> 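Mind looking over this structure? Questions follow.
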Amino acid sequence: MELISGNTYWPSTLEQTLDFPPLAEDINCDVLIIGGGMGGSLCSRLLGERQVDTVLIDKRRLVHGSSSANTGLLQYSNDKTLTSFINTFGETNGVLFYRMCRDALNQLDQLAATLYRDPSFIRRSSLYYASTAEDVQVLLEEYKQLTRFGFPVEYWDEHQVAARFPFRKPAALYTHEDAEVNPFLFAHGLLQSASRLGVRLYEHTEAKHFEFNDNEVVCHTNGGIIRAKKVIFATGYETQEIKTDRGAVLESSYAIATNPIGDAPLWHEQCLIWETARPYLYIRSTQEGRIIIGGLDEPVLDAKQREIRLLHQQHKLLQALQEHFPGVTFQIDYAWAAVFGSSHDGLPYIGPHPRFPNCYFLEGYGGNGTVTSMVAAQLLADELTGTHRPEMELFSLTRPTKPSPETTEPMI
């Protein structure tokens with residue numbers, strides 16, 4: 001699957017990339033991780049810390065799949081509101097998921113502080129504005145639920161938004177304790193630290209086929225055979241090519257990064273910005289003074305169609321950015337399109353699958369993929385080292401396609 005079209009920004013921020021060899025022999029391990037993006041790098045770091053004999057392979061260069069197109073907004077709020085999660089899964093599980101996301105943000109913060117490369121992890125607040133006047137009631141209900149369960153949030157009316165930003169919106173929620181990161185540097189730093197902890201990393205090593213036995217999985221690659229007691233599939237959106245029960249809707253998403261604008265902040269606290277419309281636009285700044293805006297999701301296209309479509313969509317994104325900040329002149333330095341996926345119910349898929357013995361899947365789908373990948377890495381690391389995590393049932397790969405709060409069992 002061709003995941004990315006165009007010219008992504010993040011690789012330009014890394015002066016010297018990591019280089020690891022392709023596999024060229026037969027090896028054994030306790031855990032094999034397939035996929036060297038954000039999910040795989042988080043799992044490798046946590047398993048390395050626990051001294052689990054771990055191997056990670058990727059058919060490309062490490063961190064050159066979807067993670068190089070990730071725009072690095074980290075939020076405990078999701079594409080699906082807390083209110084919606086409560087309506088779908090019941091109060092206990094809806095709040096549990098949001099709290100797990102908030103905890104994951106703190107774990108990401110702690111991991112970032114340990115890396116040899118600075119991944120530009122910065123705590124930010126988020127402005128979530130009403131795209132239309134009809135969405136104000138949605139924000140009021142979400143504010144009520146977030147405050148009820150202790151999440152740090154403020155409700156702003158139109159005048160409070162206009163006092164802090166060069167645009168007017170009917171209302172907004174201002175959430176705290178979110179963050180931004182350079183995802184490319186972050187994943188590279190995690191892999192570098194995992195390697196120093198003893199995790200064996202191989203790039204340009206493709207898993208060709210598997211034998212699933214009672215006590216091990218045999219992975220045949222283009223360079224050798226790997227015998228593993230357990231396997232974690234952290235293959236991102238390409239996981240949809242491995243399982244027949246795909247469970248995710250794939251789309252094409254677009255983003256641009258502007259020229260550096262300067263040191264002066266363009267808006268209140270350089271917060272993350274997004275909106276209630278679906279598909280939504282989102283905006284953030286970078287440490288180099290660039291502005292990233294993304295969105296305009298649409299049904300997935302093949303790579304050639306996506307490349308053509310990008311020419312149109314990048315100018316729509318630039319126009320939207322100018323409408324938000326009319327006093328600033330922007331130019332596009334980088335523009336890219338990427339495959340983006342979301343699950344049918346807003347939750348990631350994490351855990352085992354009955355047709356794949358001794359295997360676990362990490363599918364952190366949705367706009368909050370890095371945060372949910374952190375949730376997944378923690379759950380899987382615990383399960384693989386003897387600590388049962390009943391919460392993982394909430395993310396089951398075989399959960400019903402139309403859950404209801406009456407039939408979904410509380411996980412705590």
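Computed from a predicted structure; not experimentally measured. Along the sequence shown, residues carry numbers from 1.
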> If you take all heavy atoms of Ser66 and Val339, which pair is closest and at what distance?
OG-O, 4.5 Å
> May I ask you to test the Arg284-Arg124 pair for a side-chain heavy-atom distance under 4.5 Å?
no
> Answer yes or no: is there an ion pair linking Glu383 with Lys230, defined by an N-O contact shorter than 4.0 Å?
no
> Taking it one step at a time, do Asn70 and Thr370 satisfy side-chain hydrogen bond (donor to acceptor under 3.5 Å, both in side chains)?
CA-CA 9 Å; Asn70 182 333; Thr370 300; 2.9 Å; yes
> If every non-hydrogen atom of Ser41 is compared with every non-hydrogen atom of Leu56, which pair is closest and at what distance?
N-CD1, 4.4 Å
> Does a side-chain N-to-carboxylate-O contact under 4.0 Å join Lys229 and Asp30?
yes
> Looking only at side chains, do Glu141 and Thr83 share a donor and an acceptor under 3.5 Å apart?
no
> Please find the pair of heavy atoms, one from Pro119 and one from Ala112, that lie closest to each other, and give the distance.
CG-CB, 3.9 Å
> Using salt bridge (Lys or Arg N to Asp or Glu O under 4.0 Å), reason through Asp297 and Arg278 one step at a time and then give a plain yes or no.
CA-CA 9 Å; Asp297 301 356; Arg278 294 294 183 270; over 6 Å; no
> Shortest non-hydrogen contact from Leu318 to Ile256?
N-CD1, 3.7 Å
> Give the minimum heavy-atom separation between Phe233 and Cys359, together with the two atoms involved.
CE1-SG, 3.8 Å
> Will you find, in the side chains of Arg123 and Asn106, an N or O donor that is under 3.5 Å from an N or O acceptor?
yes
> Would you call Phe186 and Leu108 a side-chain contact if the rule is heavy atoms closer than 4.5 Å?
yes
> Are there over 12 heavy-atom neighbours, none belonging to Asp19, within less than 6.0 Å of that residue's CG?
yes
> Using a 6.0 Å cut-off, check whether atom CZ of Arg389 has over 12 heavy atoms from anything other than its own residue.
yes
> Describe, in one word, how the ring planes of Tyr129 and His324 are oriented to each other, choosing from parallel (under 30°), tilted (30 to 60°) and perpendicular (over 60°).
tilted
> Hey, mind stepping through Phe184 and Ser68 against side-chain contact (heavy atoms from CB on, under 4.5 Å) and telling me if it holds?
CA-CA 6 Å; Phe184 195 72; Ser68 65; 3.9 Å; yes
> Under 4.0 Å between a side-chain nitrogen and a carboxylate oxygen: does that hold for Lys80 and Asp345?
no
> Kindly check if the number of other-residue, nucleotide or ligand heavy atoms within 6.0 Å of CD (Gln305) is above 12?
yes
> Hey, what do you get for CG (Leu185) to CD (Glu15), rounding to the nearest 0.5 Å?
10.0 Å
> Go through it in stages, so that I can follow the logic: the residues are Asp333 and Tyr9, the test is side-chain hydrogen bond (donor to acceptor under 3.5 Å, both in side chains), and I'd like the CA-CA distance, side-chain angles, deciding distance and then a yes or no.
CA-CA 8 Å; Asp333 277 2; Tyr9 164 60; over 6 Å; no
> Using 0.5 Å steps for rounding, measure from the OG atom of Ser5 to the OH atom of Tyr254.
8.0 Å
> Among Leu74, Asn182, Leu111, which residue satisfies the side chain to side chain contact (heavy atoms under 4.5 Å, CB included) criterion with Phe121?
Leu74
> Measuring from atom OH of Tyr282 to atom OH of Tyr280, what distance do you get when rounded to the nearest 0.5 angstrom?
7.5 Å
> On a heavy-atom basis, which atom in Glu288 and which in Pro260 lie closest, and how many Å separate them?
O-CB, 3.5 Å
> Identify, with sequence neighbours excluded, every residue that meets salt bridge (Lys or Arg N to Asp or Glu O under 4.0 Å) alongside Glu154.
none
> Dump the intermediate steps for side-chain hydrogen bond (donor to acceptor under 3.5 Å, both in side chains) on Ser77 and Gln75, then the final yes or no.
CA-CA 5 Å; Ser77 292; Gln75 299 165 306; over 6 Å; no
> Rounded to the nearest 0.5 Å, how far does CD of Glu25 lie from OG1 of Thr221?
10.5 Å
> Between Trp156 and His268, what is the ring plane arrangement, given parallel below 30°, perpendicular above 60°, and tilted in between?
perpendicular
> Quick one: pull up CZ in Arg196 and CG in Leu191 and give me the separation to the nearest 0.5 Å.
12.5 Å
> Could you walk me through whether Lys169 and Leu127 pass the side-chain contact (heavy atoms from CB on, under 4.5 Å) test, one step at a time?
CA-CA 11 Å; Lys169 299 296 174 183; Leu127 182 83; over 6 Å; no
> Hey, can you tell me if Phe361 and His353 have their rings parallel, tilted or perpendicular (30° and 60° cut-offs)?
perpendicular
> Starting from the C-alpha separation in whole Å, work towards a yes-or-no answer on side-chain contact (heavy atoms from CB on, under 4.5 Å) for His204 and Arg61.
CA-CA 6 Å; His204 302 297; Arg61 295 192 66 190; 3.4 Å; yes
> A side-chain contact here means heavy atoms from C-beta on lying under 4.5 Å apart; do Tyr365 and Pro348 qualify?
no
> With sequence neighbours excluded, what pairs up with Phe212 under the ring pair (Phe, Tyr, Trp, His ring centres under 6.0 Å) test?
Phe210, Phe356
> Any chance you could lay out the ring pair (Phe, Tyr, Trp, His ring centres under 6.0 Å) test for Tyr76 and Phe151, step after step, and finish with the verdict?
CA-CA 9 Å; Tyr76 65 80; Phe151 292 97; 5.3 Å; yes
> Checking side-chain polar atoms at under 3.5 Å, does Ser131 have a donor or acceptor matched by the opposite partner on Glu275?
yes
